[in-house]
J.: 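Below you will find the structure I want to go over with you.
Positions are given from 1, in the same order as the sequence printed here.
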Amino acid sequence: TITVTQIHSPHSQKIKVRVTDNSSGVTTKEVSYRVDNTDPTAPLIESPAAGSVGNNSLNGTTFIFSGKANDAVAPSANETSSGIKKLYYAFMTTDTTPTTWNSQAATSGTWNINATLQSGTGTSSGTTLYEGRYWLYIKSEDGAGNKSTAVVKREFTVDKAAPAITEVKLNTTEALTAGTVKYFKTESGNFTISGKVNDTYGIQSLSIGIQIGSTNSNNVIPIAPDGSWSYTINRVENDLINLSVVATDKAGRTTTKNYS
């Protein structure tokens, strides 16, 4: 075994080994090697695109994370670029630099990470991601063991479906259809609008916009644990009332339904 002291200056080098036996026979072997002391350039995340949150959240059953990773150009003729050999990645649920990384073999150029997207708020592991907010962190390593030093990350959310607004009724009995004017008669008193809202990731908020003539208002509506809600609207004689019900889930994705 021959231990070669690390060379901090880039040079082409050769190791020559000469062995002489007891009969004065000689065998010589020569090995050439080169030095790469330069860290790879910072890798790029191209997919998902920046802003993949809210209504732009990742959905479907799978998603391919991708980008570019390249080694630095050799700074001199005596140093080589050994090329990208490994990609490190981590999916974090907080914006915190990881201390533990996953890794996969890689080459210079495009990298891909294939992930499975699951409904609900289970425990994510590896490349199986449940609905929620994430930060993907990546770094690369070249053939000489140099690692990129820049922190590269991309925030995104997984949200399999938009919120569902259902069972919308007037006075608990008169079903409303989005986009269709509902005519009803009642001689006096205010009336209520009610319904249900649900989402596999969870509902963040529910609001109702009300337009009566030239008067507009927007109201945040409390939601019961079972997803039901109701709101009392002041009666206005012989006037069209436009309602806009907006549900927002915890990923920031929204559903709007309009009633009259």
J.: Who are the side-chain contact (heavy atoms from CB on, under 4.5 Å) partners of T121, not counting sequence neighbours?
T.: Y201
J.: To check you understand the geometry: which heavy-atom pair defines the closest contact between P163 and T255, and what is its length?
T.: O-OG1, 2.7 Å
J.: Once rounded to the nearest 0.5 Å, what's the spacing between atom CG of N198 and atom OG1 of T166?
T.: 6.0 Å
J.: What's the verdict on salt bridge (Lys or Arg N to Asp or Glu O under 4.0 Å) for R133 and E155, showing C-alpha distance, side-chain angles and the deciding distance?
T.: CA-CA 8 Å; R133 185 182 185 189; E155 180 185 1; 2.7 Å; yes
J.: Strictly by modelled atom types, are Y88 and N102 linked by a side-chain donor-acceptor pair under 3.5 Å?
T.: no
J.: Whether the D71 and S81 side chains hold a donor-acceptor pair (N or O, under 3.5 Å, no angle test) is what I'd like checked.
T.: yes
J.: Could you give the distance from OH (Y259) to CD1 (I208), rounded to the nearest 0.5 Å?
T.: 9.5 Å
J.: According to ring-ring contact (aromatic ring centres under 6.0 Å, His included), does anything in residues 39-61 pair up with another residue at least two apart or in another chain? List the pairs.
T.: none
J.: Less than 3.5 Å apart, any donor N or O on the side chain of T192 or S194 sitting next to an acceptor on the other?
T.: no
J.: Taking all non-hydrogen atoms of both residues, which atom of T157 and which atom of S57 are closest, and how far apart?
T.: OG1-OG, 2.5 Å
J.: Could you work out the complete set of other residues in the hydrophobic cluster of L129, with links drawn between I, L, V, M, F, W and Y side chains under 4.5 Å apart?
T.: I45, L58, F63, F65, L87, Y89, F91, W111, I113, L117, Y130, Y134, L136, I138, V152, F156, V158
J.: Nearest 0.5 angstrom please: M92 CE to T100 OG1, how far?
T.: 8.5 Å
J.: Going by an N to O cut-off under 4.0 Å, is there a salt bridge joining E46 and K68?
T.: yes
J.: Would you check if there is a donor-acceptor pair between the side chains of S260 and N242 at a distance under 3.5 Å?
T.: yes
J.: Measure the CD1-CG distance between I64 and N114 for me, rounded to the nearest 0.5 Å.
T.: 5.0 Å
J.: Write down the atom of I221, the atom of S230, and the distance for their closest heavy-atom approach.
T.: CG2-O, 3.8 Å
J.: Which atom names give the shortest non-hydrogen contact between T20 and S24, and what distance separates them?
T.: CG2-CA, 3.9 Å
J.: Go through Q204 and D249 one step at a time and tell me if the side-chain contact (heavy atoms from CB on, under 4.5 Å) criterion holds.
T.: CA-CA 5 Å; Q204 182 68 35; D249 68 16; 5.8 Å; no
J.: Distance check, rounded to the nearest 0.5 Å: I223 atom CD1 versus S205 atom OG?
T.: 7.0 Å
J.: How many angstroms lie between OG in S82 and CG in D142, if you round to the nearest 0.5 Å?
T.: 3.5 Å
J.: Step by step, work out the salt bridge (Lys or Arg N to Asp or Glu O under 4.0 Å) result for R253 and D199.
T.: CA-CA 10 Å; R253 194 170 179 180; D199 185 86; over 6 Å; no
